[in-house]
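Here's the structure we're looking at; comments come further down.
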2 protein chains.
Amino acid sequence: MEKIRILIAEDHKLIRETWTFILNNDSRFSVVASCSDSGEAVEIAAVRKPEVVLMDINMMPLNGFEATAKLATVSPESKVIGLSFYSEMLFVKKMFSAGAKGYITKNSSREEMYEAILAVHAGGLFVCEEIRAQGFDITLPPVNEPANAFSLTNKEIQISQCIRQGLRSKEIADKLNISIKTVEAHRHNILRKLQVKNSISLVSLMNSKNGYVKYSF
Amino acid sequence: MEKIRILIAEDHKLIRETWTFILNNDSRFSVVASCSDSGEAVEIAAVRKPEVVLMDINMMPLNGFEATAKLATVSPESKVIGLSFYSEMLFVKKMFSAGAKGYITKNSSREEMYEAILAVHAGGLFVCEEIRAQGFDITLPPVNEPANAFSLTNKEIQISQCIRQGLRSKEIADKLNISIKTVEAHRHNILRKLQVKNSISLVSLMNSKNGYVKYSF
DNA sequence: GAGAATATAAGTGTAATCACCTAGTAAATA
DNA sequence: TATTTACTAGGTGATTACACTTATATTCTC
């Protein structure tokens with residue numbers, strides 16, 4: 001029996017190393033590579049062609065979405081499993097839209113991670129118990145959410161994540177290599193779309209689970 | 001050689017289970033219990049008297065601080081190692097003030113976690129490479145921060161709650177019937193005490209799960 | 001009573017946010 | 001092809017936040 005070849009993309013070294021350890025410790029799995037960045041994961045996947053990719057999207061969900069979509073083109077045989085701390089539906093839906101075959105949260109059990117890997121490797125789809133409990137039905141076709149005034153663009157999502165981290169416009173501009181005026185334009189549009197009066201309210205909205213799901217994307 | 005008896009307090013099941021697995025997989029360690037809540041960790045420690053406690057303080061730092069302090073009274077023989085995603089000095093200092101013997105971040109390596117457990121079990125102190133790189137010197141005696149450097153007064157708590165709601169200084173002043181300059185003075189003191197750079201970071205800190213108001217920081 | 005902590009609030013100045021405007025390019029869509 | 005949307009980025013001006021200083025009255029504690 002061939003071992004399932006796995007790539008791990010997870011930004012926290014300790015988590016990455018422990019997962020690598022326990023998966024390599026299991027005769028069914030073999031971690032062929034690991035990295036801390038989702039973009040790097042795409043490059044590695046293009047060369048190593050792992051059968052399963054564990055993609056953490058916690059800190060930079062947008063990068064995770066993009067990377068998943070890119071990965072599907074450079075290595076369509078690799079099945080991506082999304083991993084995050086939260087079970088926000090929009091993240092789950094976005095990941096499946098991007099081509100992911102599975103999604104588990106960090107409240108899943110260790111056995112569920114094994115199950116997920118085996119399921120997607122066998123050509124199936126998998127979501128963890130926590131997300132199923134929230135009514136996510138993997139058998140239903142992806143719903144086309146209507147675009148409305150409350151939906152943010154990818155750039156706006158990315159910038160709102162930066163705002164949430166306490167970054168200033170100047171710092172965001174440097175980080176994303178765009179003009180501070182562009183950042184300010186996006187900020188203004190974000191506040192307008194979500195109908196909040198300032199960045200503090202935006203962060204409060206993002207941090208309130210229901211609010212984030214309901215309004216952010 | 002007796003195995004080192006370990007208690008794990010970590011709110012994410014997947015992380016908790018993987019750590020339990022790899023530690024139990026090592027002949028030097030034995031995980032005697034694990035829990036998802038720092039308060040529960042105190043109760044367990046009082047009975048099981050673990051030699052080392054891995055205390056995740058990521059999502060609920062304040063609970064983690066209090067639990068560490070309580071743990072030192074109900075089970076002084078247990079050495080606490082703080083664990084978090086971030087290497088914020090405030091958290092590190094707070095944890096050592098509360099009686100922790102070690103601190104590692106989730107950017108540490110797996111070996112560093114082992115080292116930390118062995119070090120505190122042997123009666124020493126330990127901080128991970130990432131925190132040492134930021135200039136934290138464990139050999140120095142604990143700096144006596146000005147008495148209430150980390151504790152907010154009632155007024156400051158009241159005002160920080162208003163900030164959280166997205167209220168501006170002017171609005172807070174009107175609501176509390178005080179001068180806007182007084183509000184600004186309080187805001188400045190709040191940011192200084194909690195060592196955050198702006199109100200957004202303050203709100204993020206407050207919104208980290210149970211918030212801080214309950215525990216008056 | 002002396003000292004410390006708290007709450008109050010003024011001044012001064014710098015930096016950041018926010019509102020509103022215009023406007024070009026590129027990509028997707030009708 | 002024409003239109004829309006997203007992303008870019010400049011200008012202007014008002015408002016707000018933040019840093020730092022000084023100062024007074026009160027309250028609590030040593």
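Atoms considered below: every heavy atom in the structure, side chains included; atoms not considered: hydrogens, waters and symmetry mates. A, B, ... follow the sequence lines: proteins, then strands. Residue 1 opens every chain.
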## Note on the structure
B/S/- along nucleotides 22-30 of chain C (protein heavy atoms under 4.0 Å) is ---------
### Message
What does the B/S/- profile of nucleotides 3-13 of chain D look like, 5' to 3', with a 4.0 Å heavy-atom cutoff to protein?
### Response
---SSBBBBB-
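In this structure, CG of A:Leu191 is placed 18 Å from P of D:dT15, rounded to the nearest angstrom. The nearest whole Å value for the distance from the CD1 atom in B:Ile190 to the P atom in D:dA17 is 12 Å. Distance, B:Arg187 CZ to C:dA15 P: 19 Å, rounded to whole Å. Here D:dC18 presents its C1' atom at 13 Å from CG of B:Leu202, a figure rounded to the nearest Å. Protein atom NE2 of A:His188 is 16 Å distant from nucleotide atom P of D:dA14, rounded to whole Å. Between A:Asn198 atom CG and D:dT16 atom P the separation is 10 Å, expressed in whole Å.
A heavy atom closer than 4.0 Å to some atom of DNA chain C occurs in no member of residues 165-174 of chain B.
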### Message
As a quick check of understanding, evaluate side chain to side chain contact (heavy atoms under 4.5 Å, CB included) for B:Ile172 and B:Ile159, giving each step before the final call.
### Response
CA-CA 7 Å; B:Ile172 297 171; B:Ile159 285 172; 4.2 Å; yes
### Query
Given B:Ile81 and B:Met55, is the side chain to side chain contact (heavy atoms under 4.5 Å, CB included) satisfied, shown in steps?
CA-CA 6 Å; B:Ile81 297 172; B:Met55 176 86 74; over 6 Å; no
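No hydrogens or angles considered: nothing links the side chains of B:Arg16 and B:Ser36 as a donor-acceptor pair under 3.5 Å. A:His186 and A:Glu184 are not linked by any side-chain donor-acceptor pair at a separation below 3.5 angstrom, with hydrogens and angles left out of the test.
Salt-bridge check for A:Lys106 with A:Glu10: passed, with a basic side-chain N closer than 4.0 Å to an acidic carboxylate O.
For A:Lys170, the NZ atom sits in a loose shell: 12 or fewer heavy atoms of surrounding residues, nucleotides or ligands are nearer than 6.0 Å.
Listed for the B:Ser109 side chain is a donor-acceptor partner under 3.5 Å among the backbone atoms of B:Glu112. Under the 3.5 Å distance criterion, the side-chain polar atoms of A:Glu156 are matched with a main-chain donor or acceptor of A:Thr153. Remark: the backbone N or O of B:Leu7 is not paired with any side-chain donor or acceptor of B:Arg48 at under 3.5 angstrom. At distances below 3.5 Å, at least one donor-acceptor pair connects side-chain atoms of A:Arg5 with backbone N or O atoms of A:Lys49.
In this structure, SG on A:Cys162 lies 14.0 Å from CZ on A:Arg168, to the nearest 0.5 angstrom.
Comparing the helix axis at one end of the helix from C:dG1-D:dC30 to C:dA30-D:dT1 with that at the other, each defined from 5 consecutive pairs, gives an inter-axis angle of 50° (nearest 10°).
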Less than 3.5 Å apart, which donor and acceptor atoms pair up between the side chains of residues 70-77 of chain A and the rest of the protein, not counting sequence neighbours?
residue, atom, partner, partner atom, Å
A:Thr73, OG1, A:Lys70, O, 2.6
A:Ser75, OG, A:Ser78, OG, 2.6

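In this structure B:Arg110 satisfies the side-chain contact (heavy atoms from CB on, under 4.5 Å) test together with A:Glu17, A:Thr18, A:Phe21, B:Ile22, B:Tyr114, sequence neighbours excluded.
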